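Computed from a predicted model, the values in this text were never measured in an experiment.
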Amino acid sequence: MEPNPTPTMRELMPTGFIKELARRTGCKSASQLSGVISLENTGSRLWPAIEALAEETNPDGFARWQHAQQHATAA
């Protein structure tokens, strides 16, 4: 097992994240917000707000997630 496994974006979300993201993005579709997070759809217009909330909620976990994304892109 990895010492610091890369968290998923969903694991970085706080309690009540759907309401908070709806407030931040104006998107009222819980299923759309949830889908973008679970599929890690980084091309979505909603993604910047999702990243910002993840970073605010869990800066260390977000840094590990971001680092893994950069390495996946470079490979």
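- The shortest distance between side-chain heavy atoms of I37 and M13 falls below 4.5 Å.
- What you find for C27 and R45 is that their closest heavy atoms are CB-NH2, 4.2 Å.
- L12 contributes atom CG, which lies 11.0 Å from atom CD of Q66 (distance to the nearest 0.5 angstrom).
- No donor-acceptor pair under 3.5 Å is formed between the side chain of E20 and the backbone N or O of L53.
- Between L46 and L33, some side-chain heavy-atom pair lies under the 4.5 Å cut-off.
- M9 and I50 make their closest contact through CG-CG2, 3.7 Å (heavy atoms, listed as atom of the first residue, atom of the second, distance).
- The pair R64-E55 does not meet the salt-bridge criterion, since no charged nitrogen lies less than 4.0 angstrom from a carboxylate oxygen.
- In this structure, A49 and L21 approach most closely via the heavy-atom pair O-CD2, 3.7 Å.
- The main-chain N or O of S29 is never found under 3.5 Å from a side-chain atom of Q32 such that the two would form a donor-acceptor pair.
- Looking only at side-chain heavy atoms (C-beta outward), F17 and R10 come within less than 4.5 Å of each other.
- Contact record, P7 with G61: CG-O, 3.4 Å, taken as the closest heavy-atom pair.
- Checking side-chain atoms of S34 against main-chain N and O of A30 turns up no donor-acceptor pair under 3.5 Å.
- In this model, no donor atom of one side chain and acceptor atom of the other lie less than 3.5 Å apart for W65 and E51.
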